[in-house]
Every structure is written in C-alpha cells, then in structure tokens.
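The structure under discussion appears below in the form of structure tokens.
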Amino acid sequence: MKRRAAIGSLIVVTLAGGCELSQVSLAEPDDLVIVEVILQADDLQQTALVQRSLGLGPPPEASIRVRDEAGTAYTFLAEDPSTCLVPEDTLGFRTTRCYAWHAGPRNSFVRAGGRYSLEVETRDGRRLTGTTVVPGSFRITRPEPSRCHVPVDSTLELVWTRADDAWVYIAETRLRNIRRALAERGITIDVDPLRLVGLSISREDTTIVFPTEFGLFDRFDDTVSRALVALQKGLPPEVVADVVIAAADRNYVNWVRGGRFNPSGTVRVPSVHGSGGTGVFGSVVTRRFEAATTGPGGLPRC
C-alpha cells in the first residue's frame, strides 16, 4: 500500500465594519511531526512514513519500533523514500522520511487478530505512541479459485467471510488491457491499468458486485465516467482484473477518510498521540484473486 500523510492549516481573516481593517493577531501554526504506519497482516515488509505538517523540508530523524503482545520489539530502519512512495510523488521524496521492517528469512510478525503498539522517538525529543488491533482473518468464498475466468459483459457477486474487529471492507481492482478493450468499443481513457475502488461501509456487509459497484470515488471524474458506465454490465474481452479485498481497522478508516470517502464523518481522527506530533497507526488484512475475460483457457469459471 503506497501512501502519504499531510495536515493543512486553515486561517480565517475577519474584516471590520465599513472600509477599515481591524488588526488581527494570528498564532503561529505548530510544526508537527506526522507519522503514518499501516500494518499489513502477513506482509514481509512493513513501512512507516514520517513527515512534518508545515512541509518545510524533511522531519527530524526518528527511531520507530512496533511491539507485539509478548513485548517483542521490531525496529524499522531508514530507507530510501521510494520504498514508501509512488514514483510520481516527487515532492514527497524531498519532504518525507521512510522507514521499513523486512522479514528476511523470518515470517512477518504481523498476524491477523494481533494487538500491536507503536513507539516513535525523534532526534529532537518528541515521543509518540499508538495501538492497533489487526482485523481477524477472513476468506473469499466467491469466487473460490485464486485465478478464474469471468464471461464477457457479465457481473460477479464477490462474497467473503466476516473479519473480527474490521471497521470496513475496501475492495480495489486493477484492470489490465482495459484501454485497448474499451477503445474497440469507442471509449477512450488515458490510463492502463485502470484502478477502481469499492467500499462496504459496515463490518457486516461482506458482498460487493464486480465490476458494477467499483469506481465509487470516480463517478464524477469526466476522464473515466464513460468507462464506468460501460463497466456496469461487466468487463469487455481480453481484460485481466487483479482484485483485492481489505479488512481495515477503525484507526485506518478514521485517518484516511476525506473527500468523498467519509464512512464515519468528515474529520480525520488520529490514533498516534504524544508531544509535538500526530498521525495514524492502523492495520489491514488483505485477500486477493485474479479474474480474466481472455477466454476459459483452462481457468475455472469464477
């Protein structure tokens, strides 16, 4: 999961009556450290982003540790920002510190259902902490195969089991070869693969229709709106879809909400607290499969 964190400031200037301006004293905004750590169950690499709220260059160097319920500490080491950020985020490369833990010969220390604590200490004396409970394990029950064939122009109801402590389920797909497939139907898009997101806003809601209910946050985007209409009835020929279902904890949901993603309010709620900083310490459990409309070719039907 490639990600970035930022906090902006809102300054309101008040005008006095008539044509005169009153003098207003504004407090200097705090230069906060912003920490973003999203644990991913079973992943062999865990990452942490550290930024500063004012964006005035990189934040101070930090020591980052995550502890499991037994008290074992896992230390995140400084990495090149490319480990944490997408290549297009050139500004983030200059203003972000990236830290990572790599499994090496060991398995991931993050397990579904586990409880973890975060400890961050910066070189300039700030100390931040947080806790997260990783959602429980779950499985996709429809489709059962991890790779399968879906007929052209047909929909598929995805179904999965409930994950304990999940706050929402986020479904994402990457549609490969979609640009050429849609061009043959007279629809032009500029991206390939096309990434679309769907959302189940309740921990009890464990179904979503593919691809009809994907693209929730893109329906008012003129660059893909015609494509989304075309996908309502299913995928065109020769398309491969990588699909991921993620069970996310409450900390994750409360932090990433914003714009059109507001399952529980419009204000971000931090889960990292301490002196001179804030941020998120969340967790997700993911399951995935691949569906193709390239013809059966030996693949079982989804």
Side-chain angles (χ1 to χ4, degrees), residues 1-7 32-53 58-85 96-138 163-168 170 203 246-257 268-287:
M1 301 178 70
K2 304 299 183 183
R3 51 192 192 275
R4 61 179 66 89
I7 286 185
L32 300 176
V33 166
I34 312 299
V35 178
E36 186 182 61
V37 183
I38 305 296
L39 298 181
Q40 301 185 58
D42 302 323
D43 268 23
L44 300 182
Q45 174 180 281
Q46 307 293 333
T47 60
L49 285 176
V50 182
Q51 296 181 315
R52 62 197 312 170
S53 60
E61 294 180 6
S63 168
I64 299 178
R65 292 181 299 276
V66 172
R67 294 184 185 273
D68 60 19
E69 292 175 272
T72 303
Y74 302 87
T75 301
F76 287 49
L77 302 178
E79 295 273 352
D80 187 272
S82 61
T83 302
C84 296
L85 297 171
T96 300
R97 293 194 188 275
C98 171
Y99 299 84
W101 175 88
H102 300 277
R106 297 174 294 174
N107 295 326
S108 175
F109 72 90
V110 182
R111 62 178 180 82
R115 180 184 294 271
Y116 299 88
S117 61
L118 173 70
E119 303 168 358
V120 179
E121 296 181 355
T122 65
R123 177 166 287 187
D124 62 358
R126 312 179 202 217
R127 186 174 186 277
L128 306 170
T129 60
T131 60
T132 183
V133 176
V134 183
S137 182
F138 71 100
D164 292 339
D165 296 312
W167 198 250
V168 298
I170 303 166
R203 69 189 69 187
D249 79 327
R250 183 176 184 176
N251 293 351
Y252 177 90
V253 175
N254 281 339
W255 182 256
V256 301
R257 61 187 177 182
R268 290 187 177 192
V269 178
S271 49
V272 171
H273 306 278
S275 57
T278 187
V280 58
F281 182 46
S283 53
V284 297
V285 178
T286 60
R287 299 291 182 261

Using atom types as modelled and distance alone, determine if a side-chain donor or acceptor of Q40 lies under 3.5 Å from a backbone N or O of Q46.
-> no
Donor-acceptor under 3.5 Å (D124 side chain, P59 main chain) | no
Restricting to non-hydrogen atoms, name the atom on [X] and the atom on [Y] that form the minimum distance, rounded to 0.1 Å.
X    : Y    : answer
C98  : P81  : CB-CA, 3.8 Å
A73  : R67  : CB-NH1, 3.4 Å
S108 : D42  : CB-C, 3.5 Å
A112 : A41  : N-CB, 3.9 Å
V50  : Y99  : CG2-CE1, 3.8 Å
A247 : F138 : CB-CE2, 3.7 Å

Just how far is it from atom [atom1] of [X] to atom [atom2] of [Y], taken to the nearest 0.5 Å?
X    : Y   : atom1 : atom2 : answer
R97  : D80 : CZ    : CG    : 12.0 Å
R111 : D68 : CZ    : CG    : 8.0 Å
N107 : D43 : CG    : CG    : 12.0 Å
W255 : I34 : CH2   : CD1   : 5.5 Å

Take atom CZ in R65; do more than 12 heavy atoms of anything else shown fall under 6.0 Å from it?
-> yes
Can you find a heavy atom in the side chain of [X] that is under 4.5 Å from one in the side chain of [Y]?
X    : Y    : answer
T83  : Q45  : yes
C84  : E79  : no
S283 : Y252 : no
V66  : F281 : yes
V33  : V120 : no
L128 : L118 : no

Do the rings of Y74 and F109 sit parallel, tilted or perpendicular, given the 30° and 60° boundaries?
-> parallel
Run through I38, V37, V110, D249 and flag the one making a side-chain contact (heavy atoms from CB on, under 4.5 Å) with T132.
->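 It is D249, the one option of I38, V37, V110, D249 that forms the side-chain contact (heavy atoms from CB on, under 4.5 Å) with T132.
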Contacts of type salt bridge (charged side-chain N to carboxylate O under 4.0 Å, His left out), residue R250, not counting sequence neighbours =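 Applying salt bridge (charged side-chain N to carboxylate O under 4.0 Å, His left out) to R250 gives none.
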Of all residues at least two apart in sequence or in a different chain, which pass the salt bridge (charged side-chain N to carboxylate O under 4.0 Å, His left out) check with R127?
->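 Result, salt bridge (charged side-chain N to carboxylate O under 4.0 Å, His left out) vs R127: E121.
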